[in-house]
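Note that the structure is predicted; figures quoted are calculated from it, not measured.
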Amino acid sequence: MIDSPTPDDLALALRLAVDALAGAPADADWSRPAGALDWSCWETVEHLADDLLAYAAQLGPARPPRDRYVPFVATRRAPGGPNNFVRADPADGVPGLLEVLDASGGLMVAIARVAPPQARAYHPWGLADPSGFVAMSLVETLVHLHDVTQGLGLRWDPPAELCTRTLDRLFPDVPRTAAPWPTLLWATGRATLPDRPLRTDWRWYAEPRD
């Protein structure tokens, strides 16, 4: 039996994420690249908020779509930038950006708490149940916080149990020869491990797993 992540796990990850980003110095440059990404730290947080709200939207309809995303209109502000339908108003600064992230994540947590376990909704990497969408929300949160905190020079070391449950649910193909957090970073192409080079082609498995 897979120990799948829960909405409480996602709520914890989001609280830790918002607190970590709120600890950035007042003069931090949010236009810097987020780790190895081409996106800025600001754009990456917007992308994370967009992912969380999009996942909530997939589970939101009475009959969730099984062959496509819910058709919100997404746009890019610049070539190569994230294709989002969620944006933070720059006039509200970093506090507004973090409020957008907190609100989007809160909606995903709320939807996951009430979605029936038999619900299924579309993701290109597999028709997922609510626990799958929670796990996908978790990996987006954990890994993109790594990207952003690298860009801002902040510390980000999420709890091992969150990483373990995310790996168990989404990455059955990944061997466990290291601690959960470095393993998750390797699984998502962010880091090497002593016995493994950087992963350049990866995916997760969204389908339900018993």
Would you say W156 and V148 make side-chain contact, with heavy atoms under 4.5 Å? no
Report yes or no: do V86 and W30 belong to one cluster of Ile/Leu/Val/Met/Phe/Trp/Tyr joined by side chain heavy-atom distances under 4.5 Å? no
hydrophobic_cluster_shared for L48 and V18, side chain cutoff 4.5 Å: yes
Quick check: is L152 connected to V100 through a chain of hydrophobic side chains (ILVMFWY, heavy atoms under 4.5 Å apart)? no
Would you say that more than 12 heavy atoms from the other residues, nucleotides or ligands in this model lie under 6.0 Å from the CD of Q150, or not? yes
Does the side chain of F72 reach to within under 4.5 Å of the side chain of L53, using non-hydrogen atoms? no
Side chain to side chain, Y55 and I111, heavy atoms closer than 4.5 Å: no
All heavy atoms of L170 vs all of A206, minimum pair found to be CD2-CA, 4.4 Å
Heavy atoms from other residues, nucleotides or ligands near CZ of R32 exceed 12 (cutoff 6.0 Å): no
Transitive ILVMFWY side-chain link L142 to L10, under 4.5 Å: yes
Counting C-beta onward and ignoring hydrogens, is there a side-chain heavy-atom pair between L154 and P25 closer than 4.5 Å? yes
Hydrophobic cluster identity match, L16 and V45, side-chain contacts under 4.5 Å: yes
Do F171 and T183 come within less than 4.5 Å of each other through their side chains, counting heavy atoms only? no
Check: G80 main-chain N/O paired with W39 side-chain donor or acceptor under 3.5 Å: yes
Non-hydrogen side-chain atoms of H146 and W181 separated by less than 4.5 Å: yes
May I ask you to test the P158-L145 pair for a side-chain heavy-atom distance under 4.5 Å? no
Would you please test D173 and R203 for salt bridge (charged side-chain N to carboxylate O under 4.0 Å, His left out) and show each step? CA-CA 10 Å; D173 61 322; R203 60 160 285 182; over 6 Å; no
Would you call the rings of H123 and Y69 parallel, tilted or perpendicular, where under 30° means parallel and over 60° means perpendicular? perpendicular
Will you find, in the side chains of H47 and D50, an N or O donor that is under 3.5 Å from an N or O acceptor? no
Side chains of Q58 and P64 in contact at under 4.5 Å (non-hydrogen atoms): no
Does R120 use its side chain to pair, donor to acceptor, with the backbone of Q118 at less than 3.5 Å? yes
Does either side chain, that of T6 or that of D8, offer a donor lying less than 3.5 Å from an acceptor on the other one? no
Which is it for E46 and R77 under the side chain to side chain contact (heavy atoms under 4.5 Å, CB included) test, yes or no, and what are the steps along the way? CA-CA 12 Å; E46 282 189 328; R77 282 182 170 165; 3.4 Å; yes
Tell me the closest heavy-atom pair linking P130 and A115, and the distance in Å. CG-CB, 3.7 Å
Given D147, L184, L198, the one that forms side-chain contact (heavy atoms from CB on, under 4.5 Å) with R190: D147
